[in-house]
Amino acid sequence: MILIILFPFLLVLTVTVHYGFLTRLMAILDNGWEQSIKLIAIICGLFVAHVVEIVVYTFVYYFSHLIPGFGELPGTSFDDWVNTLYFSFVAYSSLGAGDLSASGWLIILYGLEAINGLVLITWSASFSLLAMNRMKFCQPCSERRAIE
């Protein structure tokens with residue numbers, strides 16, 4: 001039952017983080033930088049946003065042993081930060097783990113993180129495309145020169 005409270009909180013938190021990054025990255029479009037520098041800054045900013053969101057879930061997995069009956073992952077210890085971070089990266093990116101034998105609510109949170117990650121990664125892709133269209137990035141050079 002803890003998941004009914006925990007996941008909406010995680011969803012709102014990660015969407016808020018993502019929105020915060022996107023609004024700040026929009027400012028890059030209005031400065032005088034070269035298009036390639038703008039695009040690199042936007043992609044790097046989006047990457048950082050995703051890592052921050054993954055770390056949010058990593059904290060939950062890392063401290064999941066404190067939640068009675070939440071579940072466990074046999075053979076894997078969430079006491080090691082690197083293993084926990086990797087687990088969260090795999091879930092968020094929807095890579096999945098075919099041999100995953102988690103139990104309890106942990107397996108549900110794992111799936112929900114994958115859906116959350118898919119939505120936020122798709123949002124990033126849409127933002128990138130809109131940013132490139134706004135920068136006239138996808139037009140051939142001859143058309144860009146004619147516009148300028």
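Computed from heavy atoms alone, side chains included, the values below leave out hydrogens, waters and symmetry copies.
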Ile40-Phe47 co-clustered via ILVMFWY side chain contacts under 4.5 Å: no
Measuring only between side-chain heavy atoms, which start at C-beta, is Val48 closer than 4.5 Å to Val51? no
For Leu118 and Thr122 the tightest heavy-atom approach is O-OG1, 2.7 Å
From Cys44 atom SG to Leu39 atom CG, the distance as rounded to the nearest 0.5 Å: 9.5 Å
Between Ile42 and Leu29, does the side-chain contact (heavy atoms from CB on, under 4.5 Å) criterion hold? Intermediate values first, please. CA-CA 9 Å; Ile42 287 170; Leu29 295 175; 3.7 Å; yes
Ring centres under 6.0 Å, that's the criterion: do Tyr110 and Tyr61 meet it? no
Listed once per pair and sorted, the salt bridge (charged side-chain N to carboxylate O under 4.0 Å, His left out) pairs that draw on residues 9-30, sequence neighbours left out: Asp30-Arg134
Can you tell me if Phe7 has over 12 outside heavy atoms packed within less than 6.0 Å of its CZ? yes
Which atom names give the shortest non-hydrogen contact between Pro8 and Leu3, and what distance separates them? CD-O, 3.7 Å
Same cluster for Val56 and Ile2 if Ile/Leu/Val/Met/Phe/Trp/Tyr side chains link at under 4.5 Å? yes
Apply ring-ring contact (aromatic ring centres under 6.0 Å, His included) to Phe21 and Trp123, showing your working. CA-CA 12 Å; Phe21 270 87; Trp123 191 7; over 10 Å; no
Would you give the length of the straight line joining atom CZ of Phe127 to atom OG1 of Thr23, rounded to the nearest 0.5 angstrom? 8.5 Å
Between His50 and Ser93, is the side-chain hydrogen bond (donor to acceptor under 3.5 Å, both in side chains) condition met? List the steps. CA-CA 9 Å; His50 290 293; Ser93 64; over 6 Å; no
Treat each ILVMFWY residue as a node, draw an edge where side-chain heavy atoms are under 4.5 Å apart, and state whether Ile107 and Ile115 are in one component. no
Phe70 side, atom CZ; Phe63 side, atom CZ - distance, nearest 0.5 Å: 14.0 Å
Nearest heavy-atom pair of Tyr62 and Thr84: which atoms, and what distance? N-CG2, 3.5 Å
Ser88 side-chain N/O to Leu85 backbone N/O, donor-acceptor pair under 3.5 Å: no
Are Phe89 and Val82 connected in the hydrophobic side-chain network, where two residues link if heavy atoms are under 4.5 Å apart? no
Let me check something: do Leu22 and Val119 share a hydrophobic cluster, defined by ILVMFWY side-chain heavy atoms less than 4.5 Å apart, either directly or through other members? no
If we check side chain to side chain contact (heavy atoms under 4.5 Å, CB included) with Val17, which of these qualifies: Val12, Leu120, Val55, Val52? Val52
Compare every heavy atom of Ser94 with every heavy atom of Ala114, then report the nearest pair and how far apart it is. O-OG, 3.3 Å
Which distance, rounded to the nearest 0.5 Å, do you find between the OG1 of Thr16 and the CG of Leu13? 6.5 Å
Distance only, no hydrogens: is a donor on one side chain within 3.5 Å (strictly under) of an acceptor on the other, for Asn116 and Tyr57? yes
Roughly how far, to the nearest 0.5 Å, is CD1 of Ile108 from CD of Glu113? 13.5 Å
Quick one: closest heavy-atom pair of Ser128 and Ile43, and the distance? OG-CD1, 3.7 Å
Nearest-0.5 Å distance, CG of residue Leu10 to CG of residue Leu109: 6.5 Å
Where at least one partner belongs to residues 34-63, residue pairs that pass salt bridge (charged side-chain N to carboxylate O under 4.0 Å, His left out), sequence neighbours excluded: none
